[in-house]
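Just below is one structure, and these are the notes that go with it.
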Amino acid sequence: INMLYFPLELLEIYKSDNYPKIRLGRGKDGGYVIIDGLNYDLLLGCGISNDDSFEHCFLKKYINLNCFAFDGTIKNIPNFHERIKFVKKNISDKNSNNTTNLHKIISNYKNIFLKMDIEGCEYKWIHSLSNEHLSRISQIVIEFHSKYFNLPNFNDKYLYSVFEKLNKSHYLMHLHGKNYKKTILFNGDCIKVGSSSSNIKKIKLGKKYNKNTNIILKHHNKKDKFKIKIENKTLIIKRIDKNTGWNYD
């Protein structure tokens, strides 16, 4: 009997009360869920193909950050950005004319954000990293590939030992299967606002929200007429045109 074995404790997911999750990039494959609120000194985009939406969204959020983008299968990134330096090389465990192991770049920074989708080469690359390299990567979003890329099953020691290695330096904060179709991350609450006869409506919230929480006003035909923010457990909605009140829920 061939007993499949994978130590599921390697995929234990941790929750942070101080750093919320957000999604950057397009709504389907190519977008990534990250932990928000950290600072970085470099963005590494490894594996681009025809989609650089994550890199562009990330640099829009971090306006002082630069990015190195690596992909040996394309001539250049799909969309130009002045802070993205494209390198036509694939990621590997060794350096060559066509590949890089990133070791030299990693050693020059202290708080790196790494995005990686390199079609199965992630295992040998992670095995090539030292503890010092891993300590310089503050957050990783990565797609792990399976036997369909001529890899063994996940119960193979070579594959799952990668998770053992990562668990020594990082905490797993999010896990989901590859989403071929558009996905929406909904982490918050639906709060009924109600109508108001005055310019400003204030709603006491039952818990503390991050002031950068994404808020969407739904079911109203004049959504662009409102300014919405959170202060001290209070949701504040202000109409910014000449009308003082609003009669819609």
Side-chain angles (χ1 to χ4, degrees), residues 10-25 30-48 51-72 77 79-96 98-119 121-144 161-175 210-212:
L10 297 179
L11 299 181
E12 183 175 0
I13 299 174
Y14 294 82
K15 180 181 178 181
S16 171
D17 292 329
N18 299 319
Y19 301 100
K21 294 180 183 180
I22 62 172
R23 185 182 175 102
L24 297 179
Y32 293 86
V33 176
I34 74 169
I35 300 300
D36 194 21
L38 302 177
N39 294 315
Y40 310 97
D41 54 9
L42 180 70
L43 169 62
L44 286 179
C46 301
I48 304 297
D51 176 32
D52 54 10
S53 62
F54 178 82
E55 285 76 12
H56 281 261
C57 287
F58 200 94
L59 293 179
K60 184 177 181 180
K61 180 176 176 62
Y62 292 90
I63 60 174
N64 296 317
L65 205 63
N66 291 320
C67 171
F68 287 106
F70 294 86
D71 198 316
I77 57 173
N79 301 286
F80 171 78
H81 194 293
E82 61 183 4
R83 286 186 280 125
I84 297 179
K85 180 179 180 180
F86 176 73
V87 182
K88 185 176 169 54
K89 286 189 175 185
N90 288 320
I91 309 301
S92 180
D93 57 337
K94 297 179 177 64
N95 290 320
S96 71
N98 302 314
T99 63
T100 175
N101 59 21
L102 299 175
H103 292 184
K104 185 175 181 179
I105 289 179
I106 292 173
S107 297
N108 289 329
Y109 295 87
K110 295 182 179 180
N111 294 296
I112 298 170
F113 188 103
L114 170 67
K115 184 222 82 172
M116 178 166 281
D117 181 4
I118 55 174
E119 309 305 310
C121 294
E122 60 273 10
Y123 299 97
K124 63 181 180 181
W125 178 75
I126 293 173
H127 277 305
S128 79
L129 299 177
S130 67
N131 293 334
E132 175 65 21
H133 291 139
L134 286 169
S135 71
R136 294 172 180 270
I137 304 174
S138 298
Q139 186 170 176
I140 303 170
V141 289
I142 183 169
E143 185 171 306
F144 286 100
S161 61
V162 161
F163 300 101
E164 290 178 332
K165 185 172 186 175
L166 289 175
N167 278 354
K168 293 178 181 178
S169 60
H170 292 73
Y171 291 98
L172 178 61
M173 308 296 288
H174 182 80
L175 174 69
N210 189 304
K211 65 180 180 180
N212 295 323

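What you find for Q139 and L38 is that their closest heavy atoms are NE2-CD1, 3.8 Å. Residue G47 comes nearest to I118 through the heavy atom pair N-CG2, 4.2 Å, listed as atom of the first residue, atom of the second, then distance. Contact record, F144 with E122: CA-OE2, 3.4 Å, taken as the closest heavy-atom pair.
With K85 contributing its side chain and N66 its backbone, the two residues share no donor-acceptor pair below 3.5 Å. Between the side chain of D71 and the backbone N or O of I48 there is at least one donor-acceptor pair closer than 3.5 Å. Using modelled atom types, no side-chain atom of N90 and backbone atom of T99 make a donor-acceptor pair closer than 3.5 Å.
Residues I35 and K21 are in side-chain contact: their nearest non-hydrogen atoms beyond the backbone lie under 4.5 Å apart. Residues Y19 and M173 fail the side-chain proximity criterion, which asks for heavy atoms closer than 4.5 Å. Contact check for H127 versus D93: no side-chain heavy atoms found under the 4.5 Å cut-off. Residues F70 and I105 meet the side-chain proximity criterion, which asks for heavy atoms closer than 4.5 Å.
For C57, the side chain to side chain contact (heavy atoms under 4.5 Å, CB included) partners two or more places apart in sequence, or in a different chain, are L24. With sequence neighbours left out, K61 forms a salt bridge (charged side-chain N to carboxylate O under 4.0 Å, His left out) with D36. S130 pairs by the side-chain hydrogen bond (donor to acceptor under 3.5 Å, both in side chains) definition with H133, not counting sequence neighbours. Remark: D117 pairs with H145 by the side-chain hydrogen bond (donor to acceptor under 3.5 Å, both in side chains) rule, at least two apart or across chains. Not a single ring pair (Phe, Tyr, Trp, His ring centres under 6.0 Å) links H170 to another residue, sequence neighbours left out. For the side-chain hydrogen bond (donor to acceptor under 3.5 Å, both in side chains) test, residues two or more places apart in sequence or in another chain that qualify with D51 are R26, S53. With sequence neighbours left out, Y40 forms a ring pair (Phe, Tyr, Trp, His ring centres under 6.0 Å) with F58, Y62, F113. Annotation: side-chain hydrogen bond (donor to acceptor under 3.5 Å, both in side chains) contacts of S128 (sequence neighbours excluded): H103. Evaluation of the side chain to side chain contact (heavy atoms under 4.5 Å, CB included) rule for N167 yields L10 as partners, not counting sequence neighbours. With sequence neighbours excluded, the residues forming a side chain to side chain contact (heavy atoms under 4.5 Å, CB included) with K165 are I126, L129, L134, listed by chain and number. Under the ring pair (Phe, Tyr, Trp, His ring centres under 6.0 Å) criterion, Y171 pairs with Y14, sequence neighbours left out.
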Determine, step by step, whether C67 and L59 satisfy the side chain to side chain contact (heavy atoms under 4.5 Å, CB included) criterion, reporting the C-alpha distance in whole Å, the side-chain angles of both residues, the deciding distance to 0.1 Å, and the verdict.
CA-CA 8 Å; C67 171; L59 293 179; 4.1 Å; yes
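Residue pairs meeting the salt bridge (charged side-chain N to carboxylate O under 4.0 Å, His left out) criterion with at least one partner in residues 131-140, sequence neighbours excluded, are E132-R136.
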